[in-house]
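Order of the sequence lines sets the chain letters (A, B, ...), proteins ahead of strands, with each chain counted from 1.
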There are 2 protein chains.
Amino acid sequence: MGALEEAHLAAAACACEEEEESDYIGLLAGEAAAGDAVEPAVRALLLGLGEDDRREGLLRTPKRVAKAFRDGTRGYRQKVKDIVQGALFPEVGVDKRTGSAGGTGGQVVVRDIELFSYCESCLLPFSIQCHVGYVPSGGRVVGLSKLSRVSDVFAKRLQNPQRLANEICGALHASIQPAGVAVALQCWHIPLPENLECKTLEGWIRTSHSSRSGVFEGESSTFWTDFLALVKLRGIDVEAKDHTVSIPWCPLRSHEVLLSNGLCKKNSTNGMVSAVTSMLLSLGEDPLRKELLGTPQRYVQWLMKFKACNLLDVKLNGFTLSNVSLYERLGGGTTDHGAIRSELHLPFCAQCEHHLLPFYGVVHIGYFDNGSGEGIDRSHFQALVHFYGCKLQVQERMTRQIAEAVYSVSHHGAMVVVEANHICMISRGIEKIRSNTATIAVLGQFLADPSAKACFLQNVLDSVGSAV
Amino acid sequence: MGALEEAHLAAAACACEEEEESDYIGLLAGEAAAGDAVEPAVRALLLGLGEDDRREGLLRTPKRVAKAFRDGTRGYRQKVKDIVQGALFPEVGVDKRTGSAGGTGGQVVVRDIELFSYCESCLLPFSIQCHVGYVPSGGRVVGLSKLSRVSDVFAKRLQNPQRLANEICGALHASIQPAGVAVALQCWHIPLPENLECKTLEGWIRTSHSSRSGVFEGESSTFWTDFLALVKLRGIDVEAKDHTVSIPWCPLRSHEVLLSNGLCKKNSTNGMVSAVTSMLLSLGEDPLRKELLGTPQRYVQWLMKFKACNLLDVKLNGFTLSNVSLYERLGGGTTDHGAIRSELHLPFCAQCEHHLLPFYGVVHIGYFDNGSGEGIDRSHFQALVHFYGCKLQVQERMTRQIAEAVYSVSHHGAMVVVEANHICMISRGIEKIRSNTATIAVLGQFLADPSAKACFLQNVLDSVGSAV
């Protein structure tokens with residue numbers, strides 16, 4: 001296929017985007033070359049994690065991560081002016097007075113724009129609910145989708161919430177030239193793995209920020225009051241206090257002491273830190289910019305939480321052995337099985353080996369006791385889930401591995417249901433924010449006896465209402 | 001800029017998509033030429049609506065609609081095989097047995113994939129909540145995002161819910177070659193304008209459909225039972241009866257009698273029907289395919305609901321005159337004003353003049369009575385809202401026009417808040433499903449007295465909890 005034909009196909013792919021889309025993509029000088037820097041960086045990270053980058057599941061991971069990273073940072077290559085150009089509509093028949101129906105109509109607020117960004121302190125994703133208002137002037141209104149598109153340009157860069165709000169506000173003010181712009185953001189930062197919960201954004205660290213220009217400025221601005229009221233109509237109180245927010249909001253920054261005492265000094269991660277630094281450089285970012293100092297270290301610190309760890313093996317062996325002996329002591333190994341027992345909503349956070357992004361949620365485990373009515377302690381299951389969850393994984397394999405481990409202890413049968421949110425499904429191209437994946441593995445008596453399986457599933461279902 | 005450079009830029013724009021994205025875009029023969037057919041068709045529709053296609057707001061509408069239409073039907077140009085290729089991962093260390101943890105792990109279900117499609121009966125959008133499950137076989141699992149991407153290929157065509165479910169199921173079965181595939185869809189069709197409500201999907205016509213292959217087939221399939229249970233964990237009962245569904249589900253089909261007695265016979269819409277037929281042809285569709293018979297007529301019937309109508313002018317004059325006289329009879333025109341009165345949650349459905357897609361929601365109107373404590377009857381406001389809403393519009397202008405009309409009757413002051421969902425914001429490229437736009441217009445005493453404005457906004461806010 002010739003280059004021109006390829007160009008035609010590529011153009012067709014782009015046509016599915018907004019009309020100005022094909023116009024506003026610019027490239028940083030040398031971006032193609034810089035993009036190539038990400039793949040070797042990812043390979044270095046995999047090796048640093050003690051992984052074999054030639055194993056099947058990881059073979060295309062560097063390519064995949066590089067593409068996702070380019071996508072997630074495409075805002076560096078987009079220009080606001082080109083997005084807004086051609087989307088300013090004169091509203092004929094109205095005079096030029098400002099901000100009331102006597103002008104071009106009053107305030108316009110697009111509420112609940114869902115965005116995703118990357119934290120500049122740690123390179124992990126954060127989720128944004130964005131509300132944008134402006135007061136038209138000069139007899140011109142802007143196409144509503146542009147408020148969302150311009151916001152996305154800045155979200156698709158390494159950010160912190162306040163600068164994001166400021167940049168959206170400033171860019172809209174400069175490009176639309178309205179009487180004023182108001183931006184309010186509610187942001188959720190992914191927490192440390194141990195604090196993740198299954199429900200979308202539960203356990204995430206929340207913060208609210210706003211930015212305003214022109215007629216929205218000043219304590220007594222009635223436009224700002226109106227903006228707050230219009231956002232409140234959606235049940236959102238922008239000025240409400242954030243009880244959950246830590247300062248600094250990035251959880252890896254608030255654990256900086258641990259960082260400096262720990263991994264940072266280990267020579268073993270130096271190569272990984274350099275690799276992440278090269279990823280920052282590939283964006284045209286300055287790794288010495290104040291906000292980015294320590295970012296590679298923090299991201300590596302996060303990743304290293306998912307290094308396959310021998311220490312945990314010991315812990316797991318403890319589980320297996322002690323419980324096997326417990327089980328045998330209680331009469332295990334006979335053909336009779338006891339009651340179905342359920343250990344539900346065991347939290348986990350794994351790292352998707354295809355995209356190097358977290359997936360997290362809960363594990364439900366079903367097994368049979370030995371007829372004594374005595375089950376296995378929850379802490380053992382939690383250790384098991386942690387062992388199989390806290391590494392580079394895929395959900396399907398993790399489900400099977402946990403089931404097999406439980407089956408090796410509870411010989412009559414084991415059943416596992418895993419429910420997980422995959423960041424790779426929500427922060428990347430397809431952005432299916434609410435999608436959630438369930439996997440199931442069934443062994444022994446649960447496989448032979450549909451009623452046993454149904455009983456366990458019913459236990460899970462009954463627990464959903466009462467679960468946190 | 002040379003063609004090759006342009007190709008480079010276009011390729012960069014595509015790179016933000018999934019890795020295989022750039023591979024799987026094919027073109028129907030002559031698609032470029034066919035795409036060009038849509039713009040003149042849209043121009044014909046505008047003229048049929050009695051609009052001046054050279055007025056500012058409509059100038060780029062044909063181009064915009066053509067691009068949105070190409071985007072919304074991009075599934076015709078995508079190939080499933082290319083999406084799935086390269087995303088099948090061998091799960092090493094597991095044997096080939098099927099559907100249990102002893103095989104490649106059990107069932108995998110991605111729940112709550114949000115999609116948008118076009119109804120083949122009327123070309124209006126419908127919203128989809130899609131749940132896809134499969135049981136791996138042959139020791140291979142597929143990347144989770146592929147389940148969403150393949151579903152989207154078929155959603156981005158002219159569809160009906162059952163065929164959509166069947167096509168997703170069939171395509172996944174053929175490309176992944178699993179032990180079986182299960183697909184469950186909950187679909188919401190946009191209702192007739194008069195039935196639209198402000199809240200997302202409220203008032204929309206719901207239906208549920210499913211499709212299954214392989215091990216999911218048969219009444220006694222435990223895999224199907226498990227699938228239903230796993231979906232139920234998200235609070236979704238796929239097999240629950242749809243109380244709201246009409247048969248046929250497309251509301252324009254169930255009003256077919258009206259259609260055949262009405263517009264269909266009018267020569268005046270023949271040109272519009274031909275225009276829509278040419279849009280179908282541009283997709284490579286056969287307008288004589290059974291399901292598409294009458295589709296152009298139905299779409300034109302929908303559009304004609306938004307034709308600027310002189311009949312309504314009369315009705316509105318009735319409002320204005322009768323109320324002005326009422327107002328004057330009650331002492332209007334004096335400098336004293338009475339109490340603030342609110343007429344809230346007046347529903348409307350307009351057609352966005354930039355995209356020829358509906359935006360709909362509610363209008364809140366504030367005004368002053370003349371001190372007598374007697375307000376204007378709600379039905380008059382509803383007629384006013386209908387007059388300004390039911391045409392090609394932009395929300396900003398509509399808000400101002402309603403405010404000015406109310407002000408012309410209630411001389412002390414008028415205030416209008418409009419809250420609307422824009423289909424162009426959710427079914428097109430940016431897919432901000434939950435975004436909602438508020439506009440506000442303020443005149444007279446409401447402008448001079450911030451406490452009057454605050455009082456009205458508080459009325460609106462108080463009503464939100466109690467509103468339907």
Side-chain angles (χ1 to χ4, degrees), chain A residues 3 7 9-19 25 27 56-57 64 67 70-71 74 89-92 100-101 105-113 141 144-145 148 222 226 229-230 233 396-397 399-400 403-404 425 429-430 432 434-443 447 450 457 464, chain B residues 4 7 9-19 25 27 56-57 64 67 70-71 74 89-91 100-101 105-113 141 144-145 148 222 226 229-230 233 396-397 399-400 403-404 425 429-430 432 434-443 447 450 457 461 464:
Chain A
L9 292 179
C14 296
C16 55
E17 293 296 320
E18 172 73 346
E19 52 187 323
I25 306 293
L27 287 174
E56 191 74 39
R64 223 176 271 121
K67 287 221 174 194
R70 270 206 298 281
D71 175 23
R74 62 175 179 261
F89 301 100
E91 264 299 293
V92 286
S100 73
Q107 187 170 160
V108 178
V109 184
V110 178
R111 304 168 296 185
D112 292 333
I113 303 168
V141 297
L144 295 175
S145 68
S148 170
T222 61
D226 295 351
L230 292 178
L233 286 179
E396 295 89 337
R397 187 192 311 145
T399 310
R400 180 181 55 78
E404 286 172 350
M425 289 281 280
I430 64 169
K432 297 300 178 194
R434 276 154 199 83
S435 75
N436 181 288
T437 300
T439 44
I440 186 168
V442 189
L443 285 171
L447 199 56
L457 286 172
V464 169
Chain B
L4 278 173
L9 292 178
C14 296
C16 54
E17 293 297 320
E18 172 74 344
E19 52 185 321
I25 306 296
L27 286 173
E56 191 74 39
R64 224 176 269 120
K67 286 221 174 192
R70 269 206 299 281
D71 176 23
R74 63 173 179 262
F89 302 99
E91 263 299 292
S100 74
Q107 187 168 161
V108 179
V109 185
V110 178
R111 304 167 296 183
D112 292 332
I113 303 168
V141 298
L144 295 174
S145 68
S148 170
T222 60
D226 294 351
L230 292 178
L233 287 179
E396 295 89 337
R397 186 193 311 145
T399 310
R400 180 180 55 79
E404 287 173 348
M425 287 282 279
I430 65 169
K432 296 301 178 194
R434 276 154 198 84
S435 76
N436 181 288
T437 301
T439 44
I440 186 168
V442 189
L443 286 170
L447 199 55
L457 286 173
L461 193 55
V464 169

Which one of B:T222, B:L233, B:V110, B:L457 has the most heavy-atom pairs closer than 4.5 Å to chain A? B:L233
If you tally heavy-atom pairs under 4.5 Å against chain B, which of A:A229, A:P450, A:A438, A:G57 wins? A:A438
Taking C-beta and beyond as the side chain, do B:T439 and A:V109 meet within less than 4.5 Å on heavy atoms? no
Can you find a pair of side-chain heavy atoms, one from A:T399 and one from B:Q107, that are under 4.5 Å apart? no
Rounded at 0.5 Å granularity, tell me how far CG in A:L230 sits from CG in B:N436. 10.5 Å
Closest non-hydrogen atom pair between A:E396 and B:V108, with its separation: CG-CG2, 3.5 Å
